[in-house]
Amino acid sequence: MRTFAMRQYAASYWVLVAVFVYTIVLFILPELDSPDAAGFLPILVALGIAIALAAVAVSLWRGAPRRPWLWIVALVPAALFLLMNAIYLPYALTHPADPAFTVAILLVVAVGVLVVTGVVAFREARAGADDRSGRRGRVTSAIVWAAAVGAVATSNVAAGAGSGGASVAEAPTRSALLASENTSFVESSIEMQPGEVLGLFIVNRDGFAHSFDIDALDIHVQLPAHATTAVTVKPTAPGMLEYYCAVPGHREAGMVGSLTVAQ
């Protein structure tokens with residue numbers, strides 16, 4: 001007989017499967033033209049198969065409730081998936097309007113539930129599948145998943161409200177266009193004259209979100225996928241200002257440029 005912890009473990013694994021598929025569709029498939037993405041694909045396929053097999057085993061294998069080792073070993077693919085995304089999680093979790101927020105929150109919650117219920121299921125399997133979750137465990141599980149669903153719903157509202165383009169009190173005196181494509185800014189050098197206020201339209205042609213950041217002017221703007229975002233820039237002094245994408249790894253991949261104000 002499967003206990004509550006075992007059923008929660010199985011359900012959380014199917015959530016993880018859905019998160020994996022969502023990640024592939026949203027972030028990987030649009031970038032298959034990139035050599036880096038294509039080279040990484042076999043690893044993702046192998047990990048996806050391992051996650052799917054673990055989900056099937058803990059859900060459908062009749063002998064699972066009598067195999068204590070299964071509930072621990074099945075944690076390995078989930079942990080690997082979490083570690084592969086660890087560098088992106090802090091940024092995604094602090095930017096609810098970013099589509100990656102949904103992936104991040106569900107991934108963290110699913111793996112967290114898997115670890116807790118996996119330990120409980122392991123102990124139950126060793127004890128003959130005696131249900132040890134109790135009412136408190138059921139209530140805690142309901143609260144955790146309700147909070148995760150609420151966070152995802154809130155992030156969708158934030159994303160639907162717009163990208164939150166940066167602005168200043170003055171109207172732009174000139175405009176310019178900047179594009180982001182293949183994790184890089186196209187024609188990334190912009191020149192201005194003293195006293196100008198720049199209305200910058202940034203077109204994100206990638207299938208995932210970026211950001212536009214100028215630390216010196218305290219400008220930090222989300223760039224949703226396949227969208228155009230307006231940013232108003234008013235430099236305070238002549239010289240060169242650096243702008244970049246703050247998503248982990250994107251700046252190093254080439255998402256950096258300069259805005260030069262003439263003397």
Please round to the nearest 0.5 Å and tell me the distance separating atom [atom1] of [X] and atom [atom2] of [Y].
X      : Y      : atom1 : atom2 : value
His210 : Arg205 : NE2   : CZ    : 11.5 Å
Leu70  : Phe122 : CG    : CZ    : 11.5 Å
Leu198 : Lys234 : CG    : NZ    : 13.0 Å
Leu200 : Thr232 : CG    : OG1   : 9.0 Å
Ile24  : Leu44  : CD1   : CG    : 4.5 Å
Phe201 : Leu177 : CZ    : CG    : 9.0 Å

- prompt: Can you check side-chain contact (heavy atoms from CB on, under 4.5 Å) on Ile190 and Tyr243, steps first, answer last?
  reply: CA-CA 10 Å; Ile190 301 173; Tyr243 61 85; 4.0 Å; yes
task: Ignoring hydrogens and angles, state whether a donor on the side chain of Ser141 or Gln8 is under 3.5 Å from an acceptor on the partner side chain.
output: yes
For residues [X] and [Y], report the shortest heavy-atom separation together with the two atoms involved.
X      : Y      : value
Pro65  : Ala125 : O-CB, 3.4 Å
Leu93  : Phe101 : O-CE1, 3.5 Å
Ala176 : Arg174 : CB-NH2, 4.1 Å
Thr117 : Ala5   : CB-O, 3.6 Å

Using atom types as modelled and distance alone, determine if a side-chain donor or acceptor of [X] lies under 3.5 Å from a backbone N or O of [Y].
X      : Y      : result
Tyr9   : Trp71  : yes
Arg2   : Val58  : yes
Thr229 : Leu223 : no
Thr173 : Val197 : yes

Do the side chains of [Y] and [X] get nearer than 4.5 Å, heavy atoms only?
X      : Y      : value
Phe212 : Ser180 : no
Ile51  : Tyr13  : yes
Trp14  : Val56  : yes
Arg251 : Cys245 : no
Leu107 : Leu16  : yes
Val203 : Val186 : no
Val76  : Leu80  : yes
Asp215 : His220 : yes

Is there a path of hydrophobic side-chain contacts, each under 4.5 Å between heavy atoms of I, L, V, M, F, W or Y residues, that connects [X] with [Y]?
X      : Y      : result
Val19  : Val45  : yes
Leu53  : Trp69  : yes
Val247 : Val256 : no
Ile87  : Tyr244 : no
Ile219 : Leu259 : yes

query: In terms of the angle between their ring planes, are Phe81 and Phe20 parallel, tilted or perpendicular, with boundaries placed at 30° and 60°?
result: perpendicular
message: side-chain contact (heavy atoms from CB on, under 4.5 Å), that's the test. Do Leu89 and Leu82 meet it? Break it down for me.
response: CA-CA 9 Å; Leu89 292 178; Leu82 181 67; 3.6 Å; yes
- prompt: Can you tell me if CD on Glu191 sees more than 12 non-hydrogen neighbours from other groups inside 6.0 Å?
  reply: no
